[in-house]
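Scroll down for the structure; my scribbles are underneath it.
Here, residue 1 is the first one in the sequence, and each next residue gets the next number. When a ligand or atom number is given, it counts from 1 through the structure's own listing order.
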Amino acid sequence: MCGIIGYIGQENVYPILIQGLQRLEYRGYDSAGIAILNGSLKVFKCKGRVSDLEQHVKDEDISGTIGIGHTRWATHGEPNDRNAHPHTSMNGKFVLVHNGIIENHTELKTDLMKNGFRFQSETDTEVLVNLIEYFYSKGEAIDGEMAIRLALSKVVGAYGIAVICTKEKDQLIVARKGSPLVIGVGEGSYFIASDASPIIPYTRNMIYLNDNDVAIINRQGLILKTVENIPAVFNITKVSMTIGEIEKGDFDHFMLKEIFEQPKIIEETFRGRITSDHSTIILGGLMDVFPKLLSAQRIIIIGCGTSWHAALVGEYLIETYARIPVEVEYASEFRYRNPILTNTDVVIAISQSGETADTLAAIRMAKANGATVLGICNVVGSTIARETEGGVFTHAGIEIGVASTKAFTAQVTVLTLLALKLAKENEKMTQETYQCLIQELINVPAKVQSILQKHLHIKEVASKYKKATNALYLGRGLLFPVALEGALKLKEISYLHAEGYAAGEMKHGPIALVDDNLPVVVVAARDDYYTKIVSNIHEVKARKGNIIAVVTEGDNNLNSLVNDLFEIPESHPIVTPILAIIPLQLFSYYIAVSRGCNVDQPRNLAKSVTVE
Ligand code: G6P
């Protein structure tokens, strides 16, 4: 949700800002803008993408070595030029970019208007920059930094901000509460961004800000303190991300690249967590809390979007194999519905970004209520990763495509490891079965690879359905969340209405939709539910629905019933969710491409949802 970039150093700032915004565009693409201070302040901004901004400034003087930039996902105020960031205060003393929401902006704006302030935009951000100017104009004893801290102390809500005070020319001030901010430490230069990806071409040394931190940065160094003016210490973390990870390479889209990365990612996620003799799973990040997990009255898994679908897979896996009660909740519901929690509950938050506002708020609430809170996160150094008591990182690498693919399969891989380990330690599984299922997981990357090799067949099938207006996805048991995730992929990137349903529920509603126009995707790999799902296929067929089935290789029973088949290799059911989602990811991808949709940056969506 909105990307922020900033730089102070010796180099020309414009290319750093533009390339940074391009990397951050996955966070929002409603408008883009930059501010450069070079003697005087220059602000350029416009509705649309970073490429529109480049056109917009092509004849302008964009020289300077200090600047900030922003790519927007609109919350307050429609996407237009006026509402685009950076926002300048009424008298031009401050310019600011913001990610987050100032919740009390209406009250603050009313007070500022009483004090003579006038506004150009409908944004909450313009209120904040004017509030800073208001404090600044109160007297000479108040410098830019103090004005910013005073303003932030009045703010309710979330922010990651970068601010330039035009009177204090060699300085950049950044602050965060609720929205992520990273500072890259170069030589005589500092980079700031919403995540590390725009910074790594220049430096790997990062400082991840904590909530309430304010950093005052000049070319010689930085000072970190809290909003309350208490000195704070910072650690420099070396990130291992490579430039290759943030480039598309030979692929047309990041989403396609990320789909094809899955064999490697799944292996990365279990590698080092399974002993070399394949006899034991080791989850180092859970070592200290494992007894709590084993004795938990229940495990509550929370997440949003795709991560919530992974959580559902986790529920089936942990309950089936480890026999520990599991509940799955949308973080956005859980945080507000005053759930009953005790210190015997273990909450596991799943989040690719580690920054999703609802998930973060939910874990804080759960912690305050005495639950043990763990995380399954992809981004090392992210807020959720830092605020949980233990957890497991997925090793999916940076995911840029807005529709999550490799992060999902990595999350399910971690949940499979966790379920197996819990089952073994809980004495619900023999060593023999345990080792046999570990081996099933080890075999997954090669099987995923073999599914990917059939991408041209999936592309061909997709071309048949590109004109559909609706689609229904059905699954049972472990494959029900796969149906939900398959439908979500199609919705997100092709704008087709798609609904995922537990196949047994079809007769209670969705069956009314079935006619000879409706594609019905049935996830029907061989497992304990197979005969039941075959009955559902018959029900759809009887109503002339077009059936696309994900089936186990060699299953010829369904040939006469279905219109199209995607085969996945024979496996134990424990790993079928990981295999079955692959053709559905590709199916959505090819449909979206053939409909001319922007696959990596679908309309209205953002990768990292740091507002509630
Ligand atoms: C957004 C993204 C989804 C993601 C969800 C949760 O909606 O577009 O791909 O699943 O947020 O994000 P998280 O980072 O917490 O997994």
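Of the N and O atoms on the side chains of T383 and E355, at least one donor lies less than 3.5 Å from an acceptor on the other residue.
Ligand 1 places these atoms under 4.0 Å from at least one heavy atom of S307: 10 (O), 13 (P), 16 (O). Close approach to Q352 involves these atoms of ligand 1, each under 4.0 Å from a residue heavy atom: 13 (P), 14 (O), 15 (O), 16 (O). Here is the list of ligand 1 atoms found below 4.0 Å of a heavy atom in T306: 10 (O). Applying the 4.0 Å criterion to heavy atoms of S351 picks out, from ligand 1, the atoms 13 (P), 14 (O), 15 (O), 16 (O). Residue contact check: S404 has heavy atoms under 4.0 Å from atoms 9 (O) of ligand 1. Each of the atoms 8 (O), 9 (O) of ligand 1 lies under 4.0 Å from some heavy atom of V402.
For the pair R176 and Y159, the NZ or CZ position fails the cation-pi test of under 6.0 Å to the six-membered ring centre and within 45 degrees of the ring normal. Under the 6.0 Å distance and 45° angle rule, K454 does not count as a cation-pi partner of F566.
Exactly one residue among I282, L283, L441 makes a side-chain contact (heavy atoms from CB on, under 4.5 Å) with R273. That residue is L283.
Backbone and side-chain nitrogen or oxygen atoms of I350 are examined, and none is located within less than 3.5 angstrom of a nitrogen or oxygen of ligand 1. Every N/O-N/O distance between Q411 and ligand 1 stays at or above 3.5 Å.
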request  = For the pair K367 and E389, evaluate salt bridge (Lys or Arg N to Asp or Glu O under 4.0 Å) and give the outcome as yes or no after the intermediate values.
outcome  = CA-CA 9 Å; K367 255 206 251 183; E389 294 162 56; 5.9 Å; no
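The existence of a salt bridge linking E399 and K406 is excluded, since no basic side-chain nitrogen approaches an acidic carboxylate oxygen closer than 4.0 Å.
Ranking protein heavy atoms by distance to atom 6 (C) of ligand 1, first place goes to C304 O, 3.3 Å. Nearest non-hydrogen protein atom to atom 7 (O) of ligand 1 is V609 CG2, 3.9 Å. Of the protein's heavy atoms, A606 O, 3.0 Å lies nearest to atom 8 (O) of ligand 1. With respect to atom 12 (O) of ligand 1, the closest heavy atom belonging to the protein is T356 OG1, 3.3 Å.
Applying the ring pair (Phe, Tyr, Trp, His ring centres under 6.0 Å) rule to Y330 yields the partners W308; only residues at least two apart in sequence or on another chain are considered.
Counting only distance, with no hydrogens or angles, the side chain of T356 and the backbone of D358 share no donor-acceptor pair below 3.5 Å.
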